2 protein chains.
Amino acid sequence: MTESTLLLKEHHLKATPQRIKIISMIEEHGHITIEDLYKEMLEQFPSVSLATIYKNINQMAQSGLIREIKIPKAKSVFELIKEPHLHIVCDSCGKIEDIPVETENIIKEAEKLSGYKINESFVTLRGTCPECR
Amino acid sequence: MTESTLLLKEHHLKATPQRIKIISMIEEHGHITIEDLYKEMLEQFPSVSLATIYKNINQMAQSGLIREIKIPKAKSVFELIKEPHLHIVCDSCGKIEDIPVETENIIKEAEKLSGYKINESFVTLRGTCPECR
DNA sequence: GGCTTAAAAGAAAATTATTTTCTTTTAAAA
DNA sequence: TTTTAAAAGAAAATAATTTTCTTTTAAGCC
Ligand SMILES: [Mn+2]
Ligand SMILES: [Mn+2]
Ligand SMILES: [Zn+2]
Ligand SMILES: [Zn+2]
C-alpha cells in the first residue's frame, strides 16, 4: 500500500489511480498548479479529463487532505496539509518555498486587537531569491 | 479637485468619471470585489462595461495605486495601498478587517532563514468575529 | 473657450478557468 | 465473483477575464 493510497483511505476517499497520481505529484513538487497537475497527469493518463482534476482537488481540499495557496499575481498552488509554515515567492523566477517561521506571536496579537478567534493563518512573502540576485 | 482625482493625477492616470467612482468606492468600502464594484457602478453609470472595470483595476494595480488581496475560499478584494497591515476574515459572515499588526519580526526572521530579500508581505487570517459568536 | 489627439469607454467577441450534467467504468465491500 | 455507489471521462454550461474594434472624451495647447 502506497503512501498516497494510505492518505486517501484515511480521508475516506476511493483510491483511484488518478487520485493516487495527483497526491504523489503534489508530494513530489511540494506545490503545484492545476495546469501543471493536468499536464503531468496527461503523460500517464492520456485520456484524463480536466474535470477529474478539478473534482478531485476540490474533494481533497474539502476533506482536509490538501490546501489551496493563493499567490499574489500568480496562479494558485496546492499542497498537502502538514505542519504550519509560511510561503515565500521569488518575483523573478516564481519559485515558492516553505519557511518554518513561528507565527504564533502575530496571531495572538491579532486575536487581542481584533477580538476574533483565529483558526488559520496564511502568510505569503514576495521578494528575490538568492539565486536571482 | 476631489481626493480620488488627486490620486489619479499623482499616478498619471486620466481622471475619468468611471475611475473617480472606482477609487471612491474602494475608499468607501475599504475592500471591495470586482463584482460589487460593477454592481454599484451600474447605479451611477448604467452603460458601464465590465471591461472598463477590469482594465482600470489592472492599470491602477500596475501603477501602485491599489492592490489585490486574495482571500482563501472567497473572491479577491481590492484596496488602496496605504500603511502595511494584515487582514482577518470572518468564516461566518465574510467580513474583512484591517489589523495594524507589526510583521517586521517575521519578515526579518524569514529573510534570515531563506536568504531572500523580501519586498512585500501578505498576511491573512481566518476565524470568527466577535459578532458571529 | 474652441481645436487636437492620445487615451479611455463601451460593445462584442474571444479566451481562459471552473463547474455541471450525463453516460460509462471501476474500486471496494460483501 | 457479484453488486453498487462513487469516480472517470466527454461534452456542454457557466463564470471570470482579456482582447479587439469603434466611438467618445480628458487634457494640453492655442
Ligand atoms: Mn507550503
Ligand atoms: Mn486592507
Ligand atoms: Zn528566483
Ligand atoms: Zn462574522
Side-chain angles (χ1 to χ4, degrees), chain A residues 1-2 4-25 32-63 65-78, chain B residues 1-2 4-25 32-63 65-78:
Chain A
M1 170 108 59
T2 156
S4 306
T5 306
L6 202 59
L7 270 176
L8 285 166
K9 300 260 189 229
E10 280 169 6
H11 288 81
H12 311 100
L13 295 170
K14 262 166 91 168
T16 66
Q18 295 86 343
R19 280 178 180 168
I20 291 166
K21 178 69 178 175
I22 287 174
I23 293 179
S24 44
M25 283 188 289
I32 188 169
T33 62
I34 291 276
E35 189 185 1
D36 289 347
L37 273 175
Y38 182 54
K39 279 188 194 151
E40 195 170 329
M41 181 81 106
L42 275 175
E43 294 168 14
Q44 191 168 336
F45 300 88
S47 71
V48 73
S49 164
L50 197 43
T52 296
I53 310 272
Y54 276 107
K55 284 183 287 194
N56 281 322
I57 283 293
N58 287 340
Q59 285 173 116
M60 290 178 196
Q62 186 68 52
S63 64
L65 175 45
I66 67 174
R67 160 171 49 216
E68 175 176 7
I69 302 294
K70 293 188 172 185
I71 308 287
K73 302 182 216 310
K75 294 190 183 177
S76 286
V77 295
F78 294 84
Chain B
M1 171 106 60
T2 155
S4 306
T5 305
L6 202 60
L7 270 175
L8 285 167
K9 300 259 190 230
E10 279 170 6
H11 288 81
H12 311 100
L13 294 171
K14 263 166 89 168
T16 67
Q18 294 86 343
R19 280 178 179 167
I20 291 166
K21 177 69 179 174
I22 287 175
I23 293 179
S24 45
M25 283 188 289
I32 187 169
T33 62
I34 291 276
E35 188 185 3
D36 289 347
L37 272 176
Y38 182 53
K39 280 189 194 152
E40 195 171 329
M41 182 81 105
L42 275 175
E43 294 168 14
Q44 190 168 335
F45 301 88
S47 72
V48 74
S49 164
L50 198 43
T52 295
I53 310 273
Y54 276 108
K55 284 183 288 195
N56 281 322
I57 283 294
N58 288 341
Q59 284 173 118
M60 290 179 196
Q62 187 68 51
S63 64
L65 175 44
I66 66 174
R67 160 170 47 216
E68 174 176 7
I69 301 295
K70 292 189 171 182
I71 308 287
K73 301 182 217 310
K75 295 188 182 178
S76 287
V77 295
F78 295 84

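Model, not experiment: these values are computed from the prediction. In what follows, chains are A, B, ... by sequence order, proteins preceding strands, each numbered from 1. Atom set for the values below is all heavy atoms of this structure, side chains included, hydrogens, waters and symmetry mates excluded.
Distance A:L42 CG to D:dG9 P: 10 Å, rounded to the nearest Å. Between B:I34 atom CD1 and D:dT18 atom P the separation is 8 Å, expressed in whole Å. Straight-line distance from the CG atom of B:L50 to the P atom of D:dA16: 10 Å, rounded to whole Å. Atoms CE (B:M41) and C1' (C:dA8) sit 12 Å apart, rounded to a whole Å. If you measure from atom OH of B:Y38 to atom C1' of C:dA11, you get 11 Å, rounded to the nearest angstrom. Separating the CD1 atom of B:I53 from the P atom of C:dA8 is a distance of 15 Å, rounded to the nearest angstrom. Straight-line distance from the CZ atom of B:F45 to the P atom of C:dA11: 14 Å, rounded to whole Å. What separates CD1 of A:I22 from P of D:dA7 is a distance of 12 Å, to the nearest Å.
Heavy-atom contacts from other residues, nucleotides or ligands closer than 6.0 Å to CD of A:Q59 number more than 12.
Of the listed nucleotides (D:dA16, C:dA17, D:dG9), D:dG9 has the atom at the smallest distance from the side chain of A:S49. The side chain of A:K75 lies closest to C:dA17, out of C:dA28, C:dA7, C:dA17. Of the candidate nucleotides C:dT19, D:dA16, C:dA9, C:dA9 has the atom lying nearest to any side-chain atom of B:K55. Distance from the side chain of A:T52 is smallest for D:dA8 among the nucleotides D:dA8, D:dA27, D:dT17.
The nearest heavy atom of DNA chain D to B:P17 and to A:S47 marks one nucleotide each, and the one closer to the 5' end goes with A:S47. Across the interface with DNA chain D, nearest-nucleotide mapping of B:N58 and B:K9 shows B:N58 to be the residue nearer the 5′ end. When each of B:A51 and B:T16 is assigned the nucleotide of DNA chain C with its nearest heavy atom, B:T16 is the one assigned upstream, toward the 5' end.
In this structure, A:Q18 reaches the D:dG9 phosphate: one of its side-chain N or O atoms is under 4.0 Å from OP1 or OP2. Remark: B:Y54 is not in phosphate contact with D:dT18, judged by side-chain N or O atoms under 4.0 Å from OP1 or OP2. For the pair A:N56 and D:dA8, the criterion of a side-chain N or O lying under 4.0 Å from OP1 or OP2 is met.
B:Q59 comes within 4.0 angstrom of the backbone, heavy atoms only, and of no base.
Heavy-atom minimum distance, B:E68 versus B:S76: OE2-OG, 2.6 Å. The two atoms that bring A:K75 and A:I71 nearest to each other are O-CG1, 3.7 Å, heavy atoms only.
Looking only at distances, no side-chain donor or acceptor of B:K9 sits under 3.5 Å from a matching main-chain atom of B:A15. Using modelled atom types, no side-chain atom of A:R19 and backbone atom of A:N56 make a donor-acceptor pair closer than 3.5 Å.
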